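Below is one structure, written out as structure tokens; comments come after it.
Bear in mind that the values here come from a model prediction, so they are computed numbers and not experimental data.
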Amino acid sequence: LTVLDIGQGTAVIVQTANHTLVYDTGPRWTDASDAGSRLIAPYLRASGSSRIHGLVVSHLDIDHSGGARSLLNSVPVDWMLTSVFAEAEIVKTASQRDVQALACAVGQSWTWDGVRFDVLHPDATSYLEANLKTNDRSCVIQVGAKDFSALLTADVEALSEAAIIERYAANPSALKSDMLLMPHHGSLTSSTPAFIDAIAPRLALINTGYRNRFGHPRENVLARYSERRIPVLRTDWHGAITLNSVDGNGNPERARAQRQRYWVDRPDPADRRPIE
């Protein structure tokens, strides 16, 4: 499982023995430039993935869906799972490319090469709630291998975190995950103490842009993880972060440390000013 360093946004690649899942597609910067064509597609080629067996676009925010159209147009995709409504351009593009687009809903699951994928959110009835924030309809997926599990949460906020906890109240162990992709990039809207305790991760990862204008991740949120002695790795400091299920959380690969080059700046953790 690799959390790519794509700036302010989310893009995660899950590779099993014979299959590749892309979870969110990073931002679009201009009409001609996005994370799909500039970062995700090259990464897939370099890592030996010639097709995307499953593409998940968790919700419509441009930092999660911005690279979807270019991926659909440039890489073979078997199917797309999303909470985006049918009139969205990425769904139209999927239809033009003969890619089946499915509405993401709790209860969906599949297994690739012994690795299980379970959709934990949203509830199918949420699509009838016109006023529900797109963040709170984010597609949440748990990935479980033999000795390792990860929870991919996109931008769920306090409302949807509480809904997930309530949904699994009768079987709380189903939520436990070794790694948690920190919801909403460490925003104040998310990572409620109850949610962190329900997941009980041993490691948290953050997709966030260096000195981003939102101030993510927030210090108050990071403190919640620190209080629980949960280590946090973040793409703005460490670059892409890769976890191998064989190693679990014990040996995460940090791209900045593994591939040091003299032209790569070292981020200054003390510099919290947003880039103007």
Which heavy atom of Ser126 sits nearest a heavy atom of Leu132, and at what distance?
CB-CD2, 3.8 Å
Assess whether side-chain hydrogen bond (donor to acceptor under 3.5 Å, both in side chains) is satisfied between Thr2 and Tyr43, documenting all intermediate values.
CA-CA 10 Å; Thr2 299; Tyr43 176 85; 3.1 Å; yes
Is the closest side-chain heavy-atom distance between His53 and Trp112 below 4.5 Å?
yes
Is there a donor-acceptor pair under 3.5 Å between the side chain of Arg167 and the backbone N or O of Leu120?
yes
How close do Ser191 and Tyr225 get, counting heavy atoms only, and between which atoms?
OG-OH, 2.7 Å
Quick check: closest heavy atoms across Gln8 and Gly209, and the distance to 0.1 Å?
OE1-N, 2.9 Å
Val84 and Ile90: CA distance, side-chain angles, deciding distance, side-chain contact (heavy atoms from CB on, under 4.5 Å) verdict:
CA-CA 8 Å; Val84 173; Ile90 57 174; 4.0 Å; yes
List the steps, then state whether side-chain hydrogen bond (donor to acceptor under 3.5 Å, both in side chains) holds for Asp63 with His185.
CA-CA 11 Å; Asp63 58 332; His185 320 286; 3.3 Å; yes
Does a side-chain heavy-atom distance below 4.5 Å link Leu55 with Leu81?
no
Side-chain donor/acceptor of Asn244 to backbone N/O of Val246, under 3.5 Å
yes
Which pair of heavy atoms, one from Val119 and one from Cys104, lies closest together, and at what distance?
CG1-SG, 3.5 Å
Is there a donor-acceptor pair closer than 3.5 Å between any side-chain N or O of Asp178 and the backbone N or O of Ser149?
yes
Using modelled atom types only, decide if a donor and an acceptor are shared between the side chain of Ser74 and the backbone of Ser70 within a distance under 3.5 Å.
yes
After noting the C-alpha distance and the side-chain angles of Ile241 and Thr235, does the key distance pass the side-chain contact (heavy atoms from CB on, under 4.5 Å) rule?
CA-CA 7 Å; Ile241 303 163; Thr235 56; 4.3 Å; yes
Tell me, do Val156 and His121 make a side-chain contact under 4.5 Å, heavy atoms counted?
yes
Heavy-atom pair of closest approach, residues Ala198 and Leu175
O-CB, 3.9 Å
For the pair Leu1 and Thr242, evaluate side-chain contact (heavy atoms from CB on, under 4.5 Å) and give the outcome as yes or no after the intermediate values.
CA-CA 6 Å; Leu1 182 151; Thr242 299; over 6 Å; no
How about Ser109 and Phe117: do any of their side-chain heavy atoms sit closer than 4.5 Å?
no
Co-membership, hydrophobic cluster, residues Leu181 and Phe148, 4.5 Å side-chain:
yes
Answer yes or no: is there a side-chain heavy-atom contact under 4.5 Å between Val140 and Ile164?
yes
Single-linkage hydrophobic cluster, 4.5 Å side-chain cutoff, Ile40 and Met80 together
yes
dist Tyr210:OH -> Trp237:CH2 (nearest 0.5 Å) comes out at 9.5 Å
Does the side chain of Leu180 reach to within under 4.5 Å of the side chain of Leu203, using non-hydrogen atoms?
no
Determine whether a donor-acceptor pair (N or O, by modelled atom type, separation under 3.5 Å) exists between the side chain of Asn207 and the backbone of Leu4.
yes
side-chain contact (heavy atoms from CB on, under 4.5 Å) evaluation trace for Val221 with Met182
CA-CA 10 Å; Val221 174; Met182 193 178 294; 4.1 Å; yes
With the threshold set at 4.0 Å, does a side-chain nitrogen-carboxylate oxygen contact exist between Glu227 and Arg224?
no
Do Leu39 and Ile206 share a hydrophobic cluster (ILVMFWY, side-chain heavy atoms under 4.5 Å, transitive)?
no
With rounding to the nearest 0.5 angstrom, report the CG to OG distance, Asp61 to Ser138.
7.0 Å
Where the side chain of Gln108 meets the backbone of Ala103, is there a donor-acceptor pair that is under 3.5 Å apart?
yes
Report yes or no: does Ser190 contribute a side-chain atom to a donor-acceptor pair with the main-chain N or O of His184 at less than 3.5 Å?
no
Restricting to non-hydrogen atoms, name the atom on Leu151 and the atom on Ser177 that form the minimum distance, rounded to 0.1 Å.
CB-OG, 3.7 Å
Is the shortest heavy-atom distance from the side chain of Pro252 to the side chain of Leu233 under 4.5 Å?
yes
To the nearest 0.5 Å, atom CD of Glu157 lies from atom OG of Ser187 at 6.5 Å
If two hydrophobic side chains count as joined below 4.5 Å and joins carry through other members, does Ile141 share a cluster with Trp79?
yes
Quick one: do the Thr208 and Arg234 side chains pair a donor with an acceptor below 3.5 Å?
no
How about Arg97 and Val77: do any of their side-chain heavy atoms sit closer than 4.5 Å?
no
From the options Thr82, Asn135, Asp136, select the one residue that forms a side chain to side chain donor-acceptor pair (under 3.5 Å) with His59.
Asn135
Can you list, pair by pair, the side-chain donor-acceptor contacts under 3.5 Å of residues 10-29, counting residues two or more places apart and other chains?
from: Gln15; atom 1: NE2; to: Ser47; atom 2: OG; distance (Å): 3.0
from: Gln15; atom 1: NE2; to: Ser49; atom 2: OG; distance (Å): 2.9
from: Thr16; atom 1: OG1; to: His19; atom 2: N; distance (Å): 3.2
from: Thr16; atom 1: OG1; to: His19; atom 2: O; distance (Å): 3.4
from: Thr16; atom 1: OG1; to: Asp113; atom 2: OD2; distance (Å): 2.6
from: Asn18; atom 1: ND2; to: Asp113; atom 2: OD1; distance (Å): 3.1
from: His19; atom 1: ND1; to: Asp113; atom 2: OD2; distance (Å): 2.9
from: Thr20; atom 1: OG1; to: Ser49; atom 2: OG; distance (Å): 2.8
from: Tyr23; atom 1: OH; to: Cys139; atom 2: O; distance (Å): 2.6
from: Tyr23; atom 1: OH; to: Leu152; atom 2: O; distance (Å): 3.3
from: Tyr23; atom 1: OH; to: Ala154; atom 2: N; distance (Å): 3.2
from: Asp24; atom 1: OD1; to: Ser58; atom 2: N; distance (Å): 2.7
from: Asp24; atom 1: OD1; to: Ser58; atom 2: OG; distance (Å): 3.0
from: Asp24; atom 1: OD2; to: Ser58; atom 2: OG; distance (Å): 2.8
from: Asp24; atom 1: OD2; to: His64; atom 2: ND1; distance (Å): 2.7
from: Thr25; atom 1: OG1; to: His64; atom 2: O; distance (Å): 3.0
from: Thr25; atom 1: OG1; to: Ser65; atom 2: O; distance (Å): 3.4
from: Thr25; atom 1: OG1; to: Gly67; atom 2: N; distance (Å): 3.1
from: Thr25; atom 1: OG1; to: Ala68; atom 2: N; distance (Å): 3.1

Examine distances only and state if a side-chain atom of Ser83 and a backbone atom of Arg137 form a donor-acceptor pair shorter than 3.5 Å.
yes
Can you hop from Val56 to Leu243 via hydrophobic side chains spaced under 4.5 Å?
yes
With sequence neighbours left out, the residues meeting salt bridge (Lys or Arg N to Asp or Glu O under 4.0 Å) with Arg228 are Asp197
